Structure formats: structure tokens, C-alpha cells
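Model, not experiment: these values are computed from the prediction.
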Amino acid sequence: MNTSSGWWIYGEGLHLYKDEISLEENIIYFLNEDSLELIELYMSVTEMEYFPLEVDIKFENKKDSLLVHDFDITYIQGCDEQ
């Protein structure tokens, strides 16, 4: 299993992951999550599509996509703790 830090981006029914080191984008599929609940989570946090969420993911590679086993949201722009 691989780990990575980067950005989860959702829009028009597609989940993308952009690696912070290579800046490579991949389609991602969440293996252990309900797809409707994921969309609801993303939209409740970002309040709009295409807003990147900083995440750490555990995944495996599959051809041109990543299969996400687990993820943690690590930072939300505009939500600095003080």
C-alpha cells in the first residue's frame, strides 16, 4: 500500500487526486466509503465543486487511477486555527 499527500478535487461527478510532489492528477475511487456520503462531505466542507481539499491518502495503483483505502483531510483553506 502506498501513501501520499496532495489535494482531493471533486467536480461534475468525478473525484481527482493531485499529488503535491509530482503534481500528477489521477482519478480516484474510494473503496471503503459510500459515494453519496463522500460527495456530501466534500460539499459540506468546500461549499462548491473544484475546491481542493488537502489530504493524506493510503492507496493502491490501478492502471490510470488510484484506489483509496483510507484518507485524512489535513487542511482546509480559509480554516486556520487560532
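Here the CD1 atom belonging to I39 is positioned 12.5 Å from the CD atom belonging to E33, to the nearest 0.5 angstrom. Atom CG in N26 sits 8.5 Å away from atom CG in L16 (nearest 0.5 Å). In this structure, CD1 in I9 is found 9.0 Å from CG in L53, a value given to the nearest 0.5 Å. The structure places CG of L14 at 9.0 Å from CD1 of I28, a figure rounded to the nearest 0.5 Å.
Relative orientation of the W8 and F71 rings is perpendicular, given thresholds of 30° and 60° on the angle between their planes.
Scanning for side-chain hydrogen bond (donor to acceptor under 3.5 Å, both in side chains) contacts around S65 gives an empty result, with sequence neighbours left out. With sequence neighbours left out, W7 forms a ring pair (Phe, Tyr, Trp, His ring centres under 6.0 Å) with no residue at all.
No continuous path of ILVMFWY side-chain contacts below 4.5 Å connects L66 to I21, so the two sit in separate hydrophobic clusters. Hydrophobic clustering keeps L36 apart from M43 (ILVMFWY residues linked when any side-chain heavy atoms are closer than 4.5 Å, directly or through intermediates).
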Query - Steps toward side chain to side chain donor-acceptor pair (under 3.5 Å) verdict (Y42, E49) - result: CA-CA 8 Å; Y42 186 95; E49 291 184 354; over 6 Å; no

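For E60, the CD atom counts as densely surrounded, since its 6.0 Å shell holds more than 12 non-hydrogen atoms of other residues, nucleotides or ligands.
A donor-acceptor distance shorter than 3.5 angstrom exists from the side chain of N32 to the backbone of H69, with no hydrogens or angles considered. Side chain of S4 to main chain of I57: no donor-acceptor pair is present (N/O by atom type, distance under 3.5 Å, no hydrogens or angles).
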